[in-house]
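Below is one structure, written out as structure tokens; the observations come after it.
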Amino acid sequence: IAIQLGKFMSKKIQARRSKIHGTGVFAKKDLVKGELVIEYKGQLRTHEDVDSAYEGLDETGHTFLFTLNQQFVIDANIDGNEARWINHSCKANCQAVHEENDVGDLKKDRILIEAIRDIKAGEELTYNYGIRLAERHTAKLKKLWRCLCGSESCTGTLLQPKK
């Protein structure tokens, strides 16, 4: 059964139960490489506001927060769309693209999810979350942010190597 999320129901994608993790997003029709799949939507908040709002909550390794730029975060916990259900994979078929506003208004930047290869109808959509933490990647953090994608190239964690 498809999950109805707000007013948005795409003709391209559908959120439903995933083998990777909880809810996932699946192609309802064939998608071609380079095709825009969906914009990641939610409430625009400052990093400070998000830190304050979620301070003290137990870290679960599950988030609907997407860093937009140095000033803002998209919080898909509030007014989020189907994009928030797209799971991580080490062998992703989509990517998140940061689209900067032409006049430099950071509030108007966007995150777009696009296909990086052709995707067949029924296939689950995934992208690499690219989570980078400033602190040391301890065994506890790696377990918290463990990857469940199951691909042959799985790194075992959503955490990306430090630059």
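- Counting heavy atoms from C-beta on, the side chains of Ile20 and His88 never come closer than 4.5 Å.
- Applying the side-chain contact (heavy atoms from CB on, under 4.5 Å) criterion to Gln43, with sequence neighbours excluded, gives Arg45, Ile78.
- Residues meeting the side-chain hydrogen bond (donor to acceptor under 3.5 Å, both in side chains) test with Lys41, sequence neighbours left out: none.
- Residues Trp145 and Leu133 have side chains in contact (heavy-atom distance under 4.5 Å, counting atoms from C-beta outward).
- Leu68 places none of its side-chain heavy atoms less than 4.5 Å from the side chain of Val73.
- At least one side-chain heavy atom of Ile13 sits less than 4.5 Å from a side-chain heavy atom of Val37.
- Each salt bridge (Lys or Arg N to Asp or Glu O under 4.0 Å) pair with one or both residues in residues 133-157, not counting sequence neighbours, appears once here: Lys91-Glu152.
- Residues Glu35 and Lys29 come closest through the heavy atom pair OE2-NZ, 3.5 Å.
- Of the inter-residue distances, the one linking Glu48 atom CD with Glu55 atom CD reads 12.5 Å to the nearest 0.5 angstrom.
- Taken together through direct or relayed side-chain contacts under 4.5 Å among Ile, Leu, Val, Met, Phe, Trp and Tyr, Val97 and Ile38 form parts of separate hydrophobic clusters.
- Contact check for Leu106 versus Glu100: no side-chain heavy atoms found under the 4.5 Å cut-off.
- Taking Thr155 as the reference, Cys90, Thr157 meet the side-chain contact (heavy atoms from CB on, under 4.5 Å) condition, with sequence neighbours excluded.
- Scanning all heavy atoms of the two residues, the minimum distance from Cys94 to Ile119 falls at SG-CD1, 3.8 Å.
- Annotation: ring-ring contact (aromatic ring centres under 6.0 Å, His included) contacts involving residues 31-50, sequence neighbours excluded, comprise Tyr40-Phe66.
- Under a 3.5 Å cut-off, the side chain of Arg84 and the backbone N or O of Ala76 do form a donor-acceptor pair.
- Residues Leu158 and Phe64 share a single hydrophobic cluster, defined by chaining ILVMFWY side chains whose heavy atoms lie under 4.5 Å apart.
- Note on Ile86 and Leu112: separate hydrophobic clusters, where clusters join Ile, Leu, Val, Met, Phe, Trp and Tyr whose side-chain heavy atoms are under 4.5 Å apart, directly or indirectly.
- For the atom pair Gln95 CD and Ile111 CD1, the distance stands at 11.0 Å (nearest 0.5 Å).
- Residues that satisfy the ring-ring contact (aromatic ring centres under 6.0 Å, His included) test with His21, not counting sequence neighbours, are His62.
- Among residue pairs with one or both ends in residues 101-113, those qualifying as side chain to side chain donor-acceptor pair (under 3.5 Å) are Glu39-Arg110, Asn69-Asp109, His98-Asp109, Glu99-Arg110; sequence neighbours excluded.
- Residue pairs meeting the salt bridge (Lys or Arg N to Asp or Glu O under 4.0 Å) criterion with at least one partner in residues 112-132, sequence neighbours excluded, are Arg117-Glu123.
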side-chain contact (heavy atoms from CB on, under 4.5 Å) evaluation trace for Thr23 with Ser18: CA-CA 5 Å; Thr23 301; Ser18 166; 5.9 Å; no
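- Between Thr46 and Phe72 there is a side-chain heavy-atom pair separated by less than 4.5 Å.
- Under the 4.5 Å side-chain heavy-atom criterion for ILVMFWY residues, a single connected hydrophobic cluster contains both Ile113 and Leu44.
- At a threshold of 4.5 Å between non-hydrogen side-chain atoms, the residues Leu148 and Asn87 do not count as touching.
- Within the 4.5 Å cutoff, the side chain of Ile74 has no heavy atoms near those of the Leu65 side chain.
- The side chain to side chain donor-acceptor pair (under 3.5 Å) test with Tyr54 singles out one residue from Asp75, Asp49, Thr63, and that residue is Asp75.
- Between Phe26 atom CZ and Gln14 atom CD the span is 8.5 Å, to the nearest 0.5 Å.
- Both Leu144 and Leu159 are assigned to one and the same hydrophobic cluster, defined by single-linkage of ILVMFWY side chains at heavy-atom distances under 4.5 Å.
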